[in-house]
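Values below: every heavy atom of this structure, side chains too, minus hydrogens, waters and symmetry copies.
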Amino acid sequence: MAIPYPEAQRLDDSDDYHGCKIDDPYRWLENPDSEETKSYVEAQNKLTLPFLEKCPVRGKFKARMTELYDYPKYSCHFQKGTRYFHFFNTGLQNQSVMYVQKSLDDDPRVFLDPNKFSEDGTVALRGYAFSEDGEYFAYGLSTSGSDWVTMKFLKVDGATELPDTLERVKFSCMAWTHDAKGMFYNCYLKQDGKIDGKMRSIKTNIKKQKTS
């Protein structure tokens with residue numbers, strides 16, 4: 001029996017790159033907040049979810065995969081400044097926890113636990129960077145799997161949170177200056193209305209670091 005898949009409308013959208021026309025008929029799907037996109041996603045879910053819920057082996061696969069994945073996981077240690085860091089996951093934690101040691105013989109201490117970013121677990125660690133001297137730490141936060149990132153900063157000694165917060169960051173590097181007084185990053189320009197997939201302007205900034 002043929003499955004009636006939701007029909008995706010094709011619009012007459014295109015871009016001109018150096019004289020070459022590139023069709024982009026599904027550009028409307030880049031805006032997740034539009035009524036058209038919401039309706040299309042809902043129609044897909046109405047088709048897919050009943051099929052998955054009736055699958056007789058779905059629960060067995062989930063139980064077995066959970067069992068196989070439930071084991072302690074360690075990353076390799078790496079040195080930043082005078083300290084050593086590594087990630088560790090007890091088994092089924094949503095995100096691995098970053099630990100710090102003064103030496104490889106010391107007991108590890110929690111430096112950053114991404115599982116505590118939000119109560120519902122929807123905020124994830126998205127990139128990080130230490131300054132060259134290992135005294136400052138920049139890290140990105142992503143909510144609900146979004147590509148949009150909010151960047152925050154810590155003073156490594158004591159994992160002390162610093163007041164700086166950077167918004168509208170997306171697909172960005174995190175590059176500290178050699179003296180740790182600033183960091184290069186990319187962000188999108190401000191625009192009126194909602195942030196959507198039509199944004200095209202991006203710039204590289206340097207953020208001067210506040211040390212207290």
Checklist entry - Only one of R109, Q79, H77 clears side-chain hydrogen bond (donor to acceptor under 3.5 Å, both in side chains) with Q101; which? => result H77

Next on the checklist: I'd like to know if the side chain of S39 reaches the main chain of E35, judged simply by a donor and an acceptor atom lying under 3.5 Å from each other, with no hydrogens or angles considered.
Outcome noted: yes

Checklist entry - Hey, are S146 and T143 close enough side-chain-wise for a donor-acceptor pair under 3.5 Å? => result no

Item to check | Heavy-atom side-chain contact between M183 and M151 under 4.5 Å | outcome: yes

Next on the checklist: More than 12 heavy atoms of other residues, nucleotides or ligands under 6.0 Å from CG of D147: yes or no?
Outcome noted: yes

Checklist entry - Which pair of non-hydrogen atoms, one from N115 and one from Q95, has the smallest distance, and what is that distance? => result ND2-O, 2.8 Å

Next on the checklist: Evaluate F78 against K80 for side chain to side chain contact (heavy atoms under 4.5 Å, CB included), listing each step before the verdict.
Outcome noted: CA-CA 7 Å; F78 56 95; K80 293 296 180 180; 4.0 Å; yes

Item to check | For F88 against P72, the heavy-atom pair lying closest together | outcome: CE1-CB, 3.8 Å

Item to check | Derivation and outcome, ring-ring contact (aromatic ring centres under 6.0 Å, His included), residues Y84 and Y99 | outcome: CA-CA 8 Å; Y84 295 88; Y99 287 82; over 10 Å; no

Checklist entry - How about F137 and L112: do any of their side-chain heavy atoms sit closer than 4.5 Å? => result yes

Next on the checklist: Quick check: closest heavy atoms across L141 and F117, and the distance to 0.1 Å?
Outcome noted: CD2-CE1, 3.3 Å

Item to check | Distance (rounded to the nearest 0.5 Å) between Y136 OH and D157 CG | outcome: 10.0 Å

Checklist entry - Would a hydrophobic clustering, with Ile, Leu, Val, Met, Phe, Trp and Tyr connected at side-chain separations under 4.5 Å, put V97 with F111? => result no

Checklist entry - Should the ring pair F130 and F85 be called parallel, tilted or perpendicular, given that the plane angle runs from 0 to 90° and is split at 30 and 60? => result tilted

Checklist entry - Would you say Q9 has more than 12 foreign heavy atoms packed within less than 6.0 Å of its CD? => result yes

Next on the checklist: Please determine whether the number of non-hydrogen atoms from other residues, nucleotides or ligands lying under 6.0 Å from atom OH of Y69 exceeds 12.
Outcome noted: no

Checklist entry - Hey, are D120 and S118 close enough side-chain-wise for a donor-acceptor pair under 3.5 Å? => result yes

Next on the checklist: With heavy-atom distances below 4.5 Å as the criterion, would you say the side chains of R58 and E53 are in contact?
Outcome noted: yes

Next on the checklist: For S103 and D105: C-alpha separation, side-chain torsions, deciding distance, then whether side-chain hydrogen bond (donor to acceptor under 3.5 Å, both in side chains) applies.
Outcome noted: CA-CA 5 Å; S103 74; D105 296 323; 4.7 Å; no

Next on the checklist: Working to the nearest 0.5 angstrom, can you tell me the gap between S34 OG and W28 CH2?
Outcome noted: 7.0 Å

Item to check | Beyond-backbone contact of S144 with T122, side-chain heavy atoms, under 4.5 angstrom | outcome: yes

Next on the checklist: Would you say that F184 contacts T177 through its side chain, given a criterion of any heavy-atom pair below 4.5 Å between the two side chains?
Outcome noted: yes

Item to check | Taking every non-hydrogen atom, the tightest pair across A138 and M174 | outcome: O-SD, 4.0 Å

Checklist outcome for this item: The reported gap from CG in D23 to CG in D12 (rounded to nearest 0.5 angstrom) is 7.5 Å

Next on the checklist: Taking N186's backbone N and O only, do any of them form a donor-acceptor pair with S172's side chain (distance below 3.5 Å, no angle check)?
Outcome noted: yes

Next on the checklist: Run M98 and Y128 through side chain to side chain contact (heavy atoms under 4.5 Å, CB included) and show every step you take.
Outcome noted: CA-CA 11 Å; M98 183 184 285; Y128 64 90; 4.0 Å; yes

Item to check | Centroid-centroid under 6.0 Å between Y139 and F153 rings | outcome: no

Item to check | Closest non-hydrogen atom pair between S131 and A180, with its separation | outcome: CB-CB, 3.7 Å

Checklist outcome for this item: Interatomic distance, OH@Y71 vs CG@L92, rounded to 0.5 Å, equals 11.0 Å

Checklist entry - V41 and L47: same hydrophobic cluster, using ILVMFWY side-chain contacts below 4.5 Å? => result no

Checklist entry - Would you say C173 and Y185 make side-chain contact, with heavy atoms under 4.5 Å? => result no

Checklist entry - Between E30 and D24, is any pair of side-chain heavy atoms under 4.5 Å apart? => result yes

Next on the checklist: Heavy-atom count check: over 12 atoms from other residues, nucleotides or ligands less than 6.0 Å from D70 CG?
Outcome noted: yes

Checklist entry - Charged N to carboxylate O below 4.0 Å: is that the case for D15 and K21? => result no

Next on the checklist: Would you say CD of E119 has more than 12 non-hydrogen atoms from neighbouring residues, nucleotides or ligands within 6.0 angstrom?
Outcome noted: no

Next on the checklist: For K102, is the NZ atom crowded, meaning more than 12 foreign heavy atoms sit under 6.0 Å from it?
Outcome noted: no

Checklist entry - Is it true that R83 and E135 make a salt bridge, defined as a side-chain N closer than 4.0 Å to a carboxylate O? => result yes

Checklist entry - Rounded to the nearest 0.5 Å, how far apart are NZ of K152 and OG1 of T150? => result 7.0 Å

Checklist entry - Do the rings of W148 and Y188 sit parallel, tilted or perpendicular, given the 30° and 60° boundaries? => result perpendicular

Next on the checklist: Nearest 0.5 angstrom please: C187 SG to K170 NZ, how far?
Outcome noted: 12.5 Å

Checklist entry - Any ion pair linking E42 and K38 (charged N to carboxylate O, less than 4.0 Å)? => result no

Checklist entry - Applying the 4.5 Å side-chain criterion to the ILVMFWY set and letting contacts propagate, would L125 and V110 be lumped into a single cluster? => result no

